[in-house]
2 protein chains.
Amino acid sequence: MDSKDLKSAGLKATLPRLKILTFLQSSPVRHMSAEDVYKAMLESGEDVGLATVYRVLTQFESAGLVTRHHFDEGHSVFELNLGEHHDHILCVKCGKVDEFTDQVIEERQHEIAKKQGYTITDHALVIYGVCPDCQNA
Amino acid sequence: MDSKDLKSAGLKATLPRLKILTFLQSSPVRHMSAEDVYKAMLESGEDVGLATVYRVLTQFESAGLVTRHHFDEGHSVFELNLGEHHDHILCVKCGKVDEFTDQVIEERQHEIAKKQGYTITDHALVIYGVCPDCQNA
DNA sequence: ATTATATTGAGAAAGATTCGCATTTGTATC
DNA sequence: GATACAAATGCGAATCTTTCTCAATATAAT
Ligand SMILES: [Mn+2]
Ligand SMILES: [Mn+2]
Ligand SMILES: [Zn+2]
Ligand SMILES: [Zn+2]
C-alpha cells in the first residue's frame, strides 16, 4: 500500500496521489513528463485533471519522492527517486535516456565549487550524443 | 566593423543584426536572455522587435556566433561564443553566473559516452550553490 | 455522522517563444 | 545611383507548458 509512503511524506492519501505514485512505481519507463503521466491516468480510466498532475508531481518533488529534470527547454521530466544520485546521457536522435554515475566527476565538482568559494547545493549534468542503435541507421 | 563577422557567418548585414552583435560584443555582462537583449535595444534607441531578437539570436546560434544555455527552465540564456568551451556554476540566491573548465571532467565524459556506446555531441553541466557574497547575509 | 481543512477539476491566465504576413531593407545588377 | 527581387523585419496573433482561481468535493480527526 502506497498510503504509507504518502503519509510518511506528510501528504494526505488522496486518490489522485495514490494513482500517480503507483503508476510511477510500476512503470518500466523511468523518465516522464507531466503530460505523459496525465495521459497514463486517462488511459487507466481514473479521472485526474492535468493541473492536479502538475501539482502532485511538484509536491512529490518537494517531499523527495520524485526528481525533476530539464533535459530540453520547454518541459520538465520527472523520475521516481530511488535514493542514489545519478546523471544522464541521452540520444539526440531517438530521445533514449540512459543513466550513469561517476565518482571522479562528483568529487571534481565539489573541488571546483570550493575553489570558487561556493557552497554547492546541487548540479545537473547531461551528456548529449547518438546512441548505439541510432548510429547504424 | 561587425559586417565582416556577419558576412563570413553567411548572414546579411542588417541593422538589427549589427546592433545586436555589437551589443553582445561590448557588454560586460556575458549571459543574457532574449528579453535582456531586447530591453538593451530599446534603451539604445534602436527599434528592434522582440521577435527579431529571438530570430537573430537563434541564427547567431546556428552560425556559431553565440551559445544558448538553459540554466533554469522557462527561458534561454545566450552568450557570445569566444571559442573556448566552459561550464557554469551559479548562485541560487542572487543569480550570479561564474564559469570554469575542468579537463578531468571533460575527459571523463568522453569515457562514459564511449563506455555506453554513444557518440558524444555535446554536454551541459551546471553547478548550483551559494556564492561567497551570499553566504554572509 | 459531523466538521474543519486540504485537495481537486476545469478553465482562465501567465510567461516564453514562434508564426503569419504585409511592409521594408540589403545587395546584386544595370 | 536607380532598379529589382529575395531576404529580413515588426507587429500582433498563436502556441505551448505550467500555474492560478475558485467553487465543489474528498480526507482525517472528532
Ligand atoms: Mn534518471
Ligand atoms: Mn559562459
Ligand atoms: Zn538513439
Ligand atoms: Zn549569490
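Residue numbers start from 1 in every chain, and the chains themselves are labelled A, B, ... in the order their sequence lines are given, proteins ahead of strands.
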task: Would you mind reading off the bend of the helix from C:dA1-D:dT30 to C:dC30-D:dG1 from its two end axes, five pairs each, to 10 degrees?
output: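 One end axis against the other gives 40°.
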Can you tell me how far [atom2] of [N] sits from [atom1] of [X], to the nearest Å?
X	N	atom1	atom2	result
A:Phe78	D:dT18	CZ	P	7 Å
A:Leu57	C:dT8	CG	P	12 Å
B:Leu50	D:dT9	CG	C1'	13 Å
A:Phe71	D:dT17	CZ	P	17 Å
A:Glu73	C:dT18	CD	P	10 Å
B:Lys7	D:dA8	NZ	P	13 Å
A:Lys19	C:dT8	NZ	C1'	17 Å

task: Under 4.0 Å between any heavy atoms, over every strand shown, what does B:Ser76 touch: base, sugar-phosphate, or nothing? Just pick one.
output: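 Sugar-phosphate, backbone atoms only, no base.
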Would you say the side chains of [X] and [Y] form a donor-acceptor pair under 3.5 Å?
X	Y	result
B:His75	B:His70	no
A:Arg55	A:Thr52	yes
A:Glu84	A:Thr101	no

Electrostatic pair [X]-[Y], nearest N-O below 4.0 angstrom:
X	Y	answer
B:Glu111	B:Arg108	yes
A:Arg68	A:Glu79	no
A:Lys96	A:Asp98	yes

message: Looking only at the side chain of A:Ala51 (C-beta and beyond, no hydrogens), which of the listed nucleotides D:dT9, C:dT8, C:dG11 gets closest?
response: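 Selected nucleotide (nearest to the side chain): C:dG11.
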- request: Name the closest nucleotide to the A:His75 side chain, picking from C:dG9, D:dT18, C:dT8.
  value: D:dT18
- prompt: Which sits closer to the 5' end of DNA chain D, B:Gly49 or A:Ala34, going by the nucleotide each is nearest to?
  reply: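 Nearer the 5' end of the strand: B:Gly49.
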message: Angle between ring planes, A:His86 versus A:His69, binned at 30° and 60°: parallel, tilted or perpendicular?
response: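 Because their plane-to-plane angle lies in the 30° to 60° range, the rings of A:His86 and A:His69 count as tilted.
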query: OP1 or OP2 of C:dT18 less than 4.0 angstrom from a side-chain nitrogen or oxygen of B:Tyr54, does that happen here?
result: no
- prompt: Hey, do the aromatic rings of B:Phe71 and B:His88 have their centres closer than 6.0 Å?
  reply: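 Ring-ring flag for B:Phe71/B:His88: true, centres closer than 6.0 Å.
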task: Applying salt bridge (charged side-chain N to carboxylate O under 4.0 Å, His left out), name anything that partners A:Asp87, two or more places apart in sequence or on another chain.
output: none
Return the polar atom pairs (N/O with N/O) between nucleotides 5-7 of chain C and the protein under 3.5 Å, or none.
unit_1: C:dA6; atom_1: O4'; unit_2: A:Lys12; atom_2: NZ; d: 3.2
unit_1: C:dT7; atom_1: OP1; unit_2: A:Arg17; atom_2: NH2; d: 2.5

